[in-house]
Amino acid sequence: MLFEVTDIPRRRLRVKPAHLAAACVAAAIAFAAHAQQQEPGPGETPPALDVLDGIPGEQMGEPDQLNASDIANAVGEAEAELDAGVPEQPAQIHQVPAAATNAVVQHVDHPQGLALWKKAKLSGDVYLARTADGKQVRFTIEPKLQGKMEKLLRMYRPVGAAVVALDPKTGKVLAMAEIGEGAVTKPVYPAASVFKIVTGAALLEKGVSPNDETCYHGGIRRLVGKLLQDKPNLDRRCLSLSMAMAKSANVVFAKMAVKHLDGEELRKSAERFLFNRPIFDQPLEQSSAEIPDDGLGFAKSAAGFGQVKLSPMHAALIAAAVGNGGVAMEPSLIDAVNDEAVESTGSLRLLNVETAGALRDMMKLTVSQGTATPTFHERRRNVLGSIEVAGKTGSLSNYKPFKDYSWFVGFAPADDPKIAVAAVVVNGAKWRIHAPFIAREALRAYLVGGPLGQPPVARVKHYKRRKKHG
């Protein structure tokens with residue numbers, strides 16, 4: 001069940017109807033992410049990312065050919081979440097109908113500037129565009145953060161990548177960039193272990209404590225039917241729900257879900273997180289979550305290996321909601337029209353405060369002790385200094401053709417977030433970068449500043465070269 005937010009004051013913008021109509025005409029069907037060959041100067045128009053493959057620029061050289069073992073050894077987060085296997089039989093799927101969200105959305109029609117973003121030019125320290133009737137629109141995008149994200153994607157040029165950053169407390173879009181097969185607003189990516197946030201919330205609300213342990217046998221990554229059975233003589237390793245989230249332990253999540261949840265309960269949890277339903281009234285494609293009722297199919301879905309597709313914008317919204325005490329703020333791209341402030345007033349409570357707080361603490365462990373630790377720590381030091389990060393990784397590979405998907409969603413500072421980020425990367429057999437690194441650099445650029453860092457795989461490869469050549 002969804003609840004209307006009552007603890008956030010409702011604010012209406014008093015803008016003349018003519019101003020609203022003029023800006024709304026420019027709204028398009030989807031957000032447009034774009035990139036620059038270099039950090040933009042005054043008056044420059046940011047070029048679209050979908051043509052960057054033909055643009056020469058800063059490059060790190062062609063990555064070496066890596067086999068699966070090299071990849072797993074090079075980056076800890078990729079090693080931690082391998083493919084969960086192929087379902088034995090197609091599962092029966094029960095779709096959740098789209099919810100009537102307008103009844104629980106506080107919303108004031110305001111210009112989103114979706115198409116205008118394509119026309120944006122950097123002027124000083126803001127992005128500006130003009131409507132058809134000459135009104136000046138100022139965007140919420142932060143130029144320094146946007147420029148660094150675009151530069152980062154150009155430097156490594158994966159098969160595809162997309163990154164979105166939001167202000168969790170206002171919904172303002174701080175950055176959005178894509179390259180290659182990347183799509184900021186399209187739910188074309190398998191959610192993988194990011195879906196453990198949804199399962200984790202459902203378990204918490206069924207009364208499972210973050211400290212409750214489940215014992216298991218076999219590996220924590222690959223999931224087959226026989227591993228779902230309790231076998232006291234074999235189940236000699238145990239993980240709490242918190243550490244299962246941190247280490248992305250598929251078998252533990254699967255066993256907990258089978259023991260405490262059913263398909264209908266998990267479908268309702270997914271719907272609360274805005275799957276299978278409109279995301280406010282934004283022109284965004286719906287993310288889909290098909291949750292079967294049968295044992296192994298349900299278990300795999302709960303662990304993050306079901307038929308679940310997610311967009312980076314939606315993923316950032318999920319992270320922002322957890323960081324914002326369970327409340328999702330409507331994404332907003334327009335900051336002002338003719339210098340009159342435009343504020344998003346759409347909001348949804350996805351989780352109660354206690355559940356959101358428990359998820360936040362569990363996600364902290366992902367960065368401090370789990371799958372994202374190698375990315376966020378160098379020489380045993382936190383890359384962001386004293387700033388604590390909460391997050392969740394995801395990884396999944398398809399083989400025909402081979403594509404490696406990696407995710408990171410999170411927010412920082414963890415206890416009072418100023419930024420939420422979602423990054424997804426699609427790699428082939430050759431690669432230099434994974435999503436947790438992109439997210440780390442987004443958080444660092446916004447909260448700390450300084451030059452872009454170097455991803456873990458690059459450090460490993462450079463070290464091998466030096467050693468080889470003496």
Side-chain angles (χ1 to χ4, degrees), residues 1-11 31 96 98-108 110 112 140 164-176 184-185 187 191 194-202 204-205 268-289 308 310-334 343-360 362-363 390-392 407 409-412 414-422:
M1 180 177 180
L2 289 164
F3 302 92
E4 183 169 357
V5 179
T6 58
D7 55 349
I8 295 180
R10 184 169 174 163
R11 293 174 292 180
F31 287 89
V96 178
T101 60
N102 288 341
V104 291
V105 175
Q106 300 176 16
H107 181 66
V108 174
H110 58 87
Q112 298 297 319
T140 61
V164 176
L166 303 174
D167 182 330
K169 297 175 183 177
T170 66
K172 290 183 177 181
V173 180
L174 303 175
M176 54 182 185
V184 167
T185 62
V194 172
F195 195 73
K196 286 185 172 75
I197 296 174
V198 176
T199 305
L204 290 168
E205 295 189 350
K268 287 181 179 178
S269 183
E271 186 180 8
R272 289 207 321 177
F273 276 93
L274 305 180
F275 286 89
N276 301 330
R277 56 180 288 183
I279 298 177
F280 296 95
D281 64 353
Q282 298 275 7
L284 305 173
E285 294 182 35
Q286 296 181 30
S287 297
S288 61
V308 182
L310 180 63
S311 72
M313 182 64 74
H314 185 185
L317 194 62
I318 289 173
V322 175
N324 195 36
V327 176
M329 302 301 294
E330 181 181 13
S332 176
L333 187 57
I334 291 293
E343 297 185 30
S344 172
T345 55
S347 60
L348 279 172
R349 179 167 288 284
L350 308 186
L351 302 165
N352 62 49
V353 175
E354 293 75 16
T355 301
L359 281 173
R360 175 202 62 211
M362 292 161 62
M363 292 168 68
K392 183 70 193 82
W407 278 99
V409 303
F411 49 90
D415 294 324
D416 185 21
K418 304 295 189 296
I419 178 174
V421 64

Inset, instruction - Starting from the C-alpha separation in whole Å, work towards a yes-or-no answer on side chain to side chain contact (heavy atoms under 4.5 Å, CB included) for Ile318 and Val409. - result: CA-CA 8 Å; Ile318 289 173; Val409 303; 5.9 Å; no
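- With sequence neighbours excluded, the residues that form a side-chain hydrogen bond (donor to acceptor under 3.5 Å, both in side chains) with Ser287 are His314.
- Every residue meeting the side chain to side chain contact (heavy atoms under 4.5 Å, CB included) condition with Ala270, not counting sequence neighbours, appears here in chain and number order: Phe195, Val198, Phe275, Ala289.
- Looking at every heavy atom in both residues, Ala321 comes nearest to Leu350 through CB-CD1, 3.7 Å.
- Atom CG of Leu274 sits about 6.0 Å away from atom CG of Leu348, to the nearest 0.5 Å.
- In this structure, the separation between OG1 on Thr170 and CG on Asn324 is 9.0 Å, given to the nearest 0.5 Å.
- For the side-chain hydrogen bond (donor to acceptor under 3.5 Å, both in side chains) test, residues two or more places apart in sequence or in another chain that qualify with Asp416 are Lys169, Lys418.
- What you find for Ser347 and Met329 is that their closest heavy atoms are CB-SD, 3.8 Å.
- A search for side chain to side chain contact (heavy atoms under 4.5 Å, CB included) contacts involving Ala358 returns Leu204, Pro210, not counting sequence neighbours.
- To the nearest 0.5 angstrom, Asn352 atom CG is 5.0 Å from Glu205 atom CD.
- When all heavy atoms of Val164 and Ala316 are compared, the closest pair comes out as CG1-CB, 3.9 Å.
- Applying the ring pair (Phe, Tyr, Trp, His ring centres under 6.0 Å) criterion to Phe411, with sequence neighbours excluded, gives no partner residue.
- Looking at heavy atoms from C-beta onward, Leu310 lies out of side-chain contact with Pro187 at the 4.5 angstrom threshold.
- Ala356 approaches Gly326 most closely through the heavy-atom pair CB-N, 3.4 Å.
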Inset, instruction - Begin with the C-alpha distance, continue with both residues' side-chain angles, and end with the deciding distance and a verdict on side chain to side chain contact (heavy atoms under 4.5 Å, CB included) for Ile279 and Met313. - result: CA-CA 10 Å; Ile279 298 177; Met313 182 64 74; over 6 Å; no
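- With rounding to the nearest 0.5 Å, the separation of CD1 in Ile197 from CZ in Phe273 is 7.0 Å.
- Closest heavy-atom contact between Ala315 and Trp407: CB-CZ3, 3.6 Å.
- Summarising the geometry, atom CG belonging to Leu174 is positioned 6.5 Å from atom CG belonging to Leu166; distances are rounded to the nearest 0.5 Å.
- Applying the side chain to side chain contact (heavy atoms under 4.5 Å, CB included) criterion to Ala175, with sequence neighbours excluded, gives Leu145, Gln146, Ala165.
- Not one N or O on the side chain of Arg272 forms a donor-acceptor pair closer than 3.5 Å with the backbone of Arg349.
- Here the closest non-hydrogen pair linking Asn276 and Ser288 is OD1-CA, 3.2 Å.
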